[in-house]
Structure formats: C-alpha cells, structure tokens
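First the structure, in the form of structure tokens, and then the observations on it.
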Amino acid sequence: MYGIGIVKGLRTTMKHFIRTYTVDWNFSDKLTEENLLERQSLKSAAGIISVNYPDEKLPMPERFRFVPFLVMNDPAPGQKAGDDWCTSCGICAKVCPPQCIWIERGKLPNGRPKPQPEQFYIDIDICMNCGYCSEFCPFDAIKMDHDYELASYDRSSAHIHDKERLSKPISYWRAIAPERAAGEEAIRTAEEEAKAAKKAARGKK
Ligand code: SF4
Ligand code: SF4
C-alpha cells in the first residue's frame, strides 16, 4: 500500500521530537560536563540536542582537531616558556597541502643552523585542519588543538599565529588528549631505551 513508508518516517521523526523533551527532563537539573557527556552517549542521546552556547559548551572528543599548536616543555619555575620540541626540520611545512606554514630556522653563533625555529608562523585562515603536519612530524612537536574560538575582528595579523601564540606546554597536550599523549610517551620511551641498549652494546665491542 502506498504511503506506509511516509507514515513510518513521520512516526520516527515524531518519536525523536518527543524524546527531545523527555531526555531534557532527565537532565533538567543542570547540563554539567558529566551530564553533557552522558546526554551525548549512544545510551541516552535522542531527540534534538542543542546547548546554550557559549554559556554551555560540548566537551570535545580526544580526536577532535582544529588548528595546530607547537609543543614545548613545561616552563621551569620563574620562566615564561619551556624548550621547544620543534627542531625546525621543515617537514610539516613541506607536507602542508595549502602551504600555510612558514618557518625561520635559528642560527648558532658560528653561523651554523640551530635545531630550533627562530620564528614559526601558521596562517590559520588558510589552514584546512587536515592534521598532516602533526601526523608527519618526527618529533611529536606539533599537535592539533581543541581551541576553536578563534574568531576576531582583525583579519590581517590576528589570524597569522606566530611562535609565541602557537607554543603550548606538553602538560596542555596531556590534559586535552590524555590517551594519545600517554601512547606517544610510551613509544618515545621505548625508542630511547632501544637506542641506549644499542649504544651500550656497541661500547662493549
Ligand atoms: S615537522 Fe615537527 S620538528 Fe619539523 S619543523 Fe615541523 S614541527 Fe618542527
Ligand atoms: S593542519 Fe593541515 S593545513 Fe593546517 S597547518 Fe597542518 S598540514 Fe597545513
């Protein structure tokens, strides 16, 4: 019979519409971060879900990615910035599809290149958030940020992020992506141990 499919579709739409309100009653107290996570889970997510942004914000999943940031060590007490992890190798700039990374390598007093960027710029209006730079960096020195609130009235300079703006301590990465940061740390430790073992074995010969 014609029209059965339409009736079924309307019934599903109506069910979701009604569940919007029943789900809200369950969480009517407050939309705390914990409640929001549960509300979005497969167990209870139903209906039309919206939040009162910017007063309420949805928690970002670990794999969420926006524009990149540079990793540095946590600053020592009394210091503003820690040591950069970036060695200025330039791989991220080479693989960046829209070519929005610009790096100026530092120089040692004897004129030789320093494995550290003097300047590092990303044009975030051009960045397409692909994450290639982060995937290809051999030093885990560039990561994709969760901070998506970057709108500004100044298009000329505010959207070209320099090294100072891009640099964030490793503790920030551990806070926004704890599982990934722990996994990367385990790999780095294993690699360092393997290198040390190789060196020790060579020394014995
Ligand atoms: S690939 Fe990594 S280490 Fe190399 S320049 Fe880019 S951020 Fe720095
Ligand atoms: S996320 Fe993609 S587009 Fe943006 S800087 Fe990295 S490689 Fe370039």
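Keep in mind the model is a prediction, meaning the values are calculated, not measured.
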Would the distance check show the side chain of Arg105 and the main-chain N or O of Ser88 forming a donor-acceptor pair, the cut-off being under 3.5 Å? yes

Look up atom CD1 in Ile142 and atom CD1 in Ile101, then write down how far apart they are to the nearest 0.5 Å. 5.0 Å

With a cut-off of 6.0 Å (strictly less than), are more than 12 heavy atoms of other residues, nucleotides or ligands near CD of Glu179? no

Smallest heavy-atom separation, Pro68 atom then Leu166 atom, equals O-CD2, 3.5 Å

For Phe69, the hydrophobic cluster (side chain heavy atoms closer than 4.5 Å, chained through members) also holds Val71, Trp85, Ile170, Tyr172, Trp173, Ile176

Glu184/Lys143 ion pair, N-O < 4.0 Å: yes

To the closest 0.5 Å, what do you measure between OH (Tyr148) and CE (Met60)? 4.5 Å

What class does the angle between the rings of Tyr132 and Phe136 fall in, given that below 30° is parallel, 30 to 60° is tilted and above 60° is perpendicular? tilted

Close side-chain approach of Ile103 to Cys92, heavy-atom, < 4.5 Å: yes

Distance, nearest 0.5 Å, that separates OG of Ser171 from CG of Asn73: 10.0 Å

Between CG on residue Asp74 and CG on residue Asp83, distance to nearest 0.5 Å: 11.0 Å

Short side-chain to backbone donor-acceptor contact, Ser167 and Leu70, under 3.5 Å: no

Separation between NE2 (His161) and SG (Cys127), nearest 0.5 Å, reads 10.0 Å

Determine yes or no for a side-chain-to-main-chain donor-acceptor pair under 3.5 angstrom, with His146 supplying the side chain and Glu62 the backbone. yes

Quick check against the 3.5 Å criterion: does Arg65 have a side-chain atom that pairs as donor or acceptor with the backbone of Asn129? yes

Donor-acceptor pair, side chain of Asp84 and main chain of Gln116, under 3.5 angstrom: no

Among Cys133, Pro138, Cys96, find the residue that satisfies the side chain to side chain contact (heavy atoms under 4.5 Å, CB included) test when tested with Ile91. Pro138

